[in-house]
Amino acid sequence: MTGIAIAALLQAAASRLQATGIEAPAREARLLLGAATGLTATRIMAYPEQPIEPAAAAGFQNLIDRRVAREPVSRILGTREFWSLDFTVTPATLDPRPDSETIVEAALDRIPDKGASIFLIDFGTGTGCLLLALLSERPHAWGIGIDRSEAAARVAADNARRLGLGDRARFVVGDWAAALAGSVDLIVANPPYIPIDDIPGLEPEVRAHDPLTALAGGIDGLDPYRILIPETARLLRPGGTVVFEVGQGQADAVAHLGTTAGLALHEQRRDLGGIARAIVLVKPT
Ligand code: GLN
């Protein structure tokens with residue numbers, strides 16, 4: 001077979017990625033070669049001399065061009081791993097971030113009983129990653145994901161089905177809590193919290209590829225919390241918990257909004273980078 005060897009393709013691609021300032025050029029080049037050729041990561045590592053057909057090599061160059069233009073790998077692949085589950089991502093959804101796993105951890109600590117048949121709501125569900133990660137860990141829980149984007153809600157519903165969680169997850173298109181009443185055990189939300197003036201300075205992977213409506217949180221980034229916190233206080237059962245993701249430097253302000261609305265601050269939890277990322281508030285009994 002004619003064609004260029006895997007090792008040579010990877011090396012040329014990795015140096016282009018590196019020159020663009022991408023942090024893990026070799027790993028990303030391997031991932032994209034896998035996507036272009038259908039070869040497994042193991043095979044790519046084990047057979048560096050294997051030639052790649054010209055058509056597949058051209059497809060690979062195309063993916064590298066997209067990455068050099070700062071499209072995130074998750075968007076090129078159309079999938080992102082979160083909480084060890086595979087989520088489809090589309091232009092309608094925020095790309096799930098590893099930092100958001102802090103929200104899942106904090107929420108699970110509030111429901112230590114694996115058999116708990118709790119009801120939870122995820123505001124601004126996007127891919128459904130927070131809701132579905134929680135449902136995967138609590139097999140008797142059920143929940144609703146709300147998104148104002150119908151396209152995002154469809155992606156979330158599709159993710160729920162593919163992950164085998166479709167019978168315990170429902171998705172609603174609407175404006176935050178307007179459609180809801182009830183007595184909710186757990187609320188989670190990763191709302192848009194970037195101050196509007198900070199958007200132009202974001203990395204191109206974020207600025208040009210995450211939906212603006214999933215990022216922009218008004219002048220100070222706190223507008224969604226101002227709406228969600230009173231709604232949360234209304235919906236939670238006494239003793240129920242809300243876990244909010246917040247941006248860097250927003251933890252105290254969001255905790256204060258919570259206590260002003262009658263919720264008790266239970267915990268502020270840091271992400272792997274040491275940033276206070278999850279605010280845990282409890283409705284007093
Ligand atoms: N964590 C995202 C970022 O900083 C923002 C997501 C959000 O606004 N909720 O890129």
Side-chain angles (χ1 to χ4, degrees), residues 21-24 67 70-76 80-83 87-107 121-134 145-149 151-153 155-156 159 175-177 187-229 231-232 242-255 257-258 268-281:
I22 282 162
E23 268 174 35
R67 186 65 189 108
R70 304 292 296 268
E71 185 172 348
V73 171
S74 53
R75 298 214 177 262
I76 297 172
R80 154 78 83 172
E81 187 186 311
F82 179 85
W83 203 259
F87 288 87
T88 294
V89 295
T90 77
T93 65
L94 189 81
D95 184 4
R97 314 284 206 266
D99 289 337
S100 300
E101 295 185 342
T102 312
I103 310 328
V104 179
E105 286 166 7
I121 295 177
D122 176 12
F123 285 115
T125 196
T127 57
C129 63
L130 295 179
L131 173 66
L132 298 173
L134 290 166
I146 315 280
D147 210 287
R148 72 185 140 191
S149 157
V155 173
N159 280 326
D175 198 13
W176 299 131
I187 294 174
V188 290
N190 174 14
Y193 54 62
I194 310 279
I196 192 75
D197 288 346
D198 293 355
I199 302 267
L202 296 173
E203 292 293 324
E205 281 87 346
V206 175
R207 189 184 65 232
H209 294 284
D210 281 311
L212 183 63
T213 50
L215 297 175
I219 301 281
D220 60 359
L222 301 178
D223 281 359
Y225 303 101
R226 294 191 179 95
I227 299 169
L228 279 174
I229 284 174
E231 292 287 51
T232 295
V242 57
V243 187
F244 286 115
E245 177 165 331
V246 297
Q248 185 162 11
Q250 293 175 329
D252 290 339
V254 172
L257 287 170
Q268 295 191 8
R269 186 175 292 219
R270 294 179 186 278
D271 65 19
L272 291 172
I275 292 167
R277 183 64 68 189
I279 303 300
V280 184
L281 297 157

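Just so we're clear, the structure is a prediction, and the values are computed from it rather than from any experiment. Ligands are counted one by one from 1 in listed order, and the atoms in each one are counted from 1 as well. The chain is numbered in sequence order, starting from 1. For the numbers below, each heavy atom of this structure counts, side chains included, while hydrogens, waters and symmetry mates do not.
The ligand atoms of ligand 1 that sit less than 4.0 angstrom from a heavy atom of Asn190 are 7 (C), 9 (N).
Heavy atoms of Glu245 come nearer than 4.0 angstrom to ligand 1 in at least one pair. Heavy-atom distances between Ala214 and ligand 1 reach below 4.0 Å in at least one pair.
Side chain of Thr93 to backbone of Val89: no donor-acceptor contact under 3.5 angstrom is found. The backbone N or O of Thr213 sits less than 3.5 Å from a side-chain atom of Arg148, completing a donor-acceptor pair.
Side-chain contact check for Asp252 and Gln268: at least one donor-acceptor pair (N or O, by modelled atom type) lies under 3.5 Å.
Between Tyr225 and Tyr193, the angle of the ring planes stays under 30°, which puts this pair in the parallel group of the 30/60° scheme.
Leu228 is listed as a side-chain neighbour of Phe244, based on a closest heavy-atom distance under 4.5 Å.
When heavy-atom distances to ligand 1 are checked against a 4.0 Å cut-off, Pro191 comes that close only through its backbone atoms N, CA, C and O.
At the shortest separation from atom 8 (O) of ligand 1 among protein heavy atoms lies Tyr193 N, 3.1 Å. Closest to atom 4 (O) of ligand 1, if we only count protein heavy atoms, is Ile194 CD1, 3.8 Å. Here the heavy atom of the protein found nearest to atom 10 (O) of ligand 1 is Arg97 NH2, 2.8 Å.
For the side-chain hydrogen bond (donor to acceptor under 3.5 Å, both in side chains) test with Asp95, the passing option among Arg75, His209, Arg80 is Arg80; the others fail.
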